[in-house]
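In what follows, a structure is listed as structure tokens, so that the remarks can point back to it.
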Amino acid sequence: MSSITGEDVTIGHDDAHGHDDHDHKPEGFLARWVFTTNHKDIGTLYLVFALLMFFIGGSMAMVIRAELFMPGLQLVEPDFFNQMTTMHALIMVFGAVMPAWVGFANWMIPLMVGAPDMALPRMNNWSFWILPFAFTMLLSTLFMDSGGPAAGWTLYPPLSLQTGDSFAFVVFSVHMMGISSIMGAINIIATILNMRAPGMTLLRMPLFVWTWLITAYLLIAVMPVLAGAVTMLLTDHFFGTSFFNAAGGGDPVMFQHIFWFFGHPEVYIMILPAFGVVSEILPTFSRKPLFGYAAMVYATASIAFLSFIVWAHHMFTVGMPLEGELFFMYATMLIAVPTGVKVFNWVSTMWKGSMTFETPMLFAIGFVVLFTIGGLSGLMLAITASDLQYHDTYFVVAHFHYVLVPGAVFTLMAGAYYWLPKWSGNMYSERWGKIHFWLSTISVNVLFFPQHYLGLAGMPRRIPDYAPQFADFNMWSSLGGFAFGASQLIFVGVVIHCVFFSKVKATARVWEGAKGLEWTVPSPAPHHTFTHPPTVTASMVAHGEDH
Amino acid sequence: MKKQNTFIVGLAVLVAVCVAFWLLLVAPMYTGNEINMTRGVSSLAATHYDLHMIILWICVVIGILVFTAMFISIVLHRKSRGHEAAQFSHSTKAEIAWTVIPVLILIAMAIPATKALVEMESPSGTEMTVKVIGFQWKWKYEYLEDDIEFVSTLASDSNAARQLGSGIDPTTVDNYLLAVDKPLVLPVGRKIKFLITADDVIHAWWVPAFGWKRDAVPGFINEAWVKIDEPGTYRGQCAELCGKDHGFMPIVVEAVSQEDYDAWVQTQTAAGVAAAEDAERTWDFEELMDRGESVYASQCATCHQPDGEGLGEAFPALAGSEVATGPLNEHIRVVLEGREGTAMQGFGELLTPSDIAAALTYTRNAFGNGTGDLIQPSDIAGINKG
């Protein structure tokens, strides 16, 4: 707290002429980026790191799709293929999507609630700088004699216990990611609950802040569970315990229960902030308040609650009592209700608006359409009896990629385009942004839609080679994959151009219909903002009147 | 005038959305590829197929309604057409409607879904039992009433073609990756119970035509059942990641009439007697090496490699290894019992004593190991029983 007060004294006049020549950035690379406690710089670090991991994880996906381009093994040994599927998932989940959302939270939550910084700035620095070490350790396993983890990101024993000595590195890197996430979550909760500007009541908070508040509680609830599960794997592997070894009195299915008690809320950890971003963007470009703000908040909270009681729908084939299967089926089906409320509210937000279709809006609309497809296939998967056919096939692969790629990743892109002018002070190239959107949208469907057919026709997931009857759709899927991967390079080009070369300066408001505190500060947002808290009134927030 | 405009746009969008759904869900059928779940050959598979189609159509209708509303809005309510934004932000009636109606739809879906599940979980009244045991990477079948057991592995032509850079075109191989050396033979028209378990890691036994998959979990026995309606060959695969050759442990079921099944049981019983006699006689070195080479190729070479040089730390070399050139008893013990925490499984339950003796003799004399040891089937049978 003392550092914040200290800064208050020196740059308390920030609001009056907040341009970069007065914003007291630390001098030198080390001081600016390594020792930083500034929420904006840490946000940038998170986002750059996540983008790097997105491309590393993505290149693994390219290896997978290249091997699956046609039947027969052409490129890699099956064991390496399994390492690729495992690492692709671990990197995308823990290295790309989650840190990207924390990056957005760092940048935007203080700006959205009118706080000068995150509540715990030094911990903020630490929670980021753990990540490069965690992922260096995880990636290093690929170069070890025993190879990287190859048992799937779910790390099911007994298979995961067959990993060689590199397994210890995997477990420790998961521990470090968990510590980073928990610290990030504590920071976000502390910031939201303690540092809101006067007048920023809970039900005036932007929906992105709400969804992150709920996400942060999910993180604190489940990351320790994952840490416990992998620690038990570690002791089973190296210290002779038998938590999951049936021959020693343990239970391999118990791991799955523990893992998915973490794993299902984890899915919502990746998608709830996406709901938030879409709920910011749609009103802006529809020039109309968000429809059903209060219902959106309650729906988010309901989804978060339900996420704790549906985990075993990932395990319908494992052999559960009928009563258990019925319970988890009904509970899972219930999630469709609050999720449906969200989709209907988004459509109603657009209804009778005055829409324009800049890149963030395009990605947000793409999200609503394609996430709905992923949501509907999720409803199909909830039906236990037919899931006995769908389970562990490409139908499932198609489902979760629809909710994660055109779901979470599209909203990350939408959010990046939406706030990039605020972050950099420059406008990005609308033409290239739109090209990026259309190429991504077409290729992502060519990539994932045929996988529904593959799964229904009987192709299991996580196989490096397949029967020739699956060849056509796999080739389509691979072509879509290569195109999608290449399209993301456009995004890098757009960002570099925008930040370093764009001549078009952004205004403070940036978008005609934008509402909320972040648009009241100059673009680029000065290094320190809201050193004097603003006073928030109902008309300043995106959803208009109070609820 | 404006109302009419909305109506025409709405109709056009509805048609466009329906066409899009048709293109995605129906048109790909005409490519000649299978795009939907099989109806299968059992009542369970048919039930699961029907359930799948009901839910799919409900989802399609919901999707069409949502997307139509959304795209009408995108066409009409745009700034470039001069549309002024309305400022409403909620409607209690609408919000109640789209909470309550989905609940009703879900209840309607839950009824057939519950019935299907209850049927699936009723394995009572079965007339015969097959125990299915998953191994890395093969299936073992035990017919509990008929006292037959055998191991079923990937067919050798598929196995040759699937090696990295084999140069063999998979399309020239019969049922590439979906063929086995010994299929599971089952009679049609009888309710058959499966007891499913695993020896090493978790596998999943899945024949799509039967309508379900079940995990094979070491230390647990799962139940499932099928009553096959039509004779035929039904193919499936392991559906739970079980290590490097997870993609290469298919399942083939030959469903035959009761008479054919009975005849098959006769031949298997005779073969069993012959195998037992084999295990008691004394074999010469050449005979053991010949048999050992083929056993090695089908059971050991996947990991230890055809040249015995292994694959990294996880799959150690046998050429010059401490085990294969060291004390014989230790070698026999590792082969019979496996090695905990590694992919080395125990073969005591998987192979006949003759096969094990032959494989041991082969590995102790091939790859330059040259120990000169000669192991007789009777040596193994004695240890295995003890």
Side-chain angles (χ1 to χ4, degrees), chain A residues 71-73 77-79 145-146 152 156 158-159 161-162 164 246 252-253 287-289 291-292 295 317-319 322 325 333 336-337 340-341 343-344 347 350-356 372 376 379-380 383-386 388-389 391-392 453 456-458 460 462-465 467-468 472 543-544, chain B residues 28 33-37 48 51-52 55 59 63 66 69-70 73 77-79 83-86 89-90 95 98-99 102-103 106 113 116-117 120-121 162 164 170-171 176-178 201-202 204 208 212-215 217-219 222 237 239-245 247 312-314 341-343:
Chain A
L73 289 179
E77 290 286 354
D79 191 51
D145 280 349
S146 54
Y156 281 5
L159 182 62
L161 300 176
Q162 292 183 353
V253 177
R287 292 166 182 77
K288 192 166 155 283
F291 186 91
T317 64
V318 87
L322 175 63
E325 291 180 320
M333 291 168 79
V337 177
V341 165
V343 173
F344 301 139
V347 174
M350 294 162 67
W351 190 255
K352 289 193 186 293
S354 175
M355 277 185 273
T356 49
T372 302
L376 291 172
L379 183 57
M380 295 172 72
I383 309 298
T384 311
S386 32
L388 299 180
Q389 290 278 41
H391 181 85
D392 264 339
Y453 313 139
L456 292 176
R462 291 168 165 167
I463 57 175
D465 193 6
D472 288 1
H543 46 276
Chain B
N33 288 283
E34 196 57 58
I35 66 158
N36 202 358
M37 187 189 287
H48 296 172
L51 190 58
H52 155 72
I55 310 293
C59 288
V66 171
M70 191 169 160
S73 183
H77 308 143
R78 45 172 69 213
K79 199 183 174 196
H83 193 271
E84 297 274 333
S89 66
H90 49 83
E95 288 176 75
W98 63 52
T99 307
V103 171
L106 289 175
L117 198 55
M120 172 70 205
E121 299 293 354
R162 64 106 177 171
L164 181 62
T171 54
Y176 177 62
L177 298 188
L178 295 178
V201 301
I202 301 174
W212 48 263
K213 63 179 71 70
R214 256 301 179 248
D215 288 1
V217 185
N222 276 327
Q237 285 178 270
E240 176 67 49
L241 178 61
C242 58
K244 75 184 181 71
D245 286 350
E313 198 180 281
T342 71

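Convention: sequence-line order gives letters A, B, ...; per-chain numbering from 1. Heavy atoms only: backbone and side chains are in, while hydrogens, waters and symmetry mates are out.
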Student check: side-chain heavy atoms of [X] and [Y] closer than 4.5 Å:
X	Y	value
A:Leu456	B:His52	yes
B:Lys79	A:Arg287	yes
B:Glu95	A:Val341	no
B:Tyr176	A:Asp465	yes

Is there a donor-acceptor pair closer than 3.5 Å between any side-chain N or O of [X] and the backbone N or O of [Y]?
X	Y	answer
A:Gln389	B:Pro208	yes
B:His77	A:Lys352	yes
B:Asn222	A:Val318	yes
B:Ser89	A:Pro289	no
B:Lys213	A:Thr317	no
A:Ser354	B:His83	yes

Which of [options] touches chain B most, by non-hydrogen pairs under 4.5 Å:
options	value
A:Gly152, A:Pro252, A:Pro158, A:Ala246	A:Pro158
A:Leu161, A:Leu322, A:Asp79	A:Leu322
A:Pro468, A:Pro78, A:Gly319, A:Gly353	A:Gly353
A:Gly164, A:Ala385, A:Pro460	A:Ala385

How long is the straight-line distance from [atom2] of [Y] back to [atom1] of [X], given to the nearest 0.5 Å?
X	Y	atom1	atom2	value
B:Cys242	A:Gln162	SG	CD	9.5 Å
B:Ile55	A:Ile383	CD1	CD1	4.0 Å
B:Asn33	A:Tyr453	CG	OH	10.5 Å
A:Asp392	B:Asp215	CG	CG	7.5 Å
B:Arg214	A:His391	CZ	NE2	10.5 Å
A:Glu325	B:Glu121	CD	CD	4.5 Å

Full working for side-chain contact (heavy atoms from CB on, under 4.5 Å) between B:Met70 and A:Met350: CA-CA 8 Å; B:Met70 191 169 160; A:Met350 294 162 67; 3.9 Å; yes
Could you label the plane-to-plane angle of the A:Phe344 and B:Trp98 rings as parallel, tilted or perpendicular, counting under 30° as parallel and over 60° as perpendicular? tilted
Could you tell me which of [options] has the largest number of non-hydrogen atom pairs under 4.5 Å with chain A?
options	value
B:Leu164, B:Val201, B:Leu177	B:Leu164
B:Gln237, B:Glu84, B:Arg78	B:Arg78
B:Pro102, B:Pro218, B:Gly219	B:Pro218

Which bit of [X] is near chain A, if near means a heavy-atom gap under 4.5 Å: side chain, backbone, both or neither?
X	result
B:Ala204	neither
B:Glu240	both
B:Leu106	both

If every non-hydrogen atom of A:Val347 is compared with every non-hydrogen atom of B:Ala69, which pair is closest and at what distance?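 Distance-wise, the nearest heavy atoms are CG1-CB, 4.2 Å.
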Could you tell me which non-hydrogen atom of B:His48 sits nearest to which non-hydrogen atom of A:Ser386, and how far apart they are? O-CB, 4.0 Å
Could you tell me which portion of A:Pro464 (side chain, backbone, both or neither) has an atom closer than 4.5 angstrom to a non-hydrogen atom of chain B?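 Interface part for A:Pro464: side chain.
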Test log, rule side-chain contact (heavy atoms from CB on, under 4.5 Å), inputs B:Ile202 and A:Leu159: CA-CA 7 Å; B:Ile202 301 174; A:Leu159 182 62; over 6 Å; no
Show your working on side-chain contact (heavy atoms from CB on, under 4.5 Å) between B:Met120 and A:Thr384 and close with a plain yes or no. CA-CA 10 Å; B:Met120 172 70 205; A:Thr384 311; over 6 Å; no
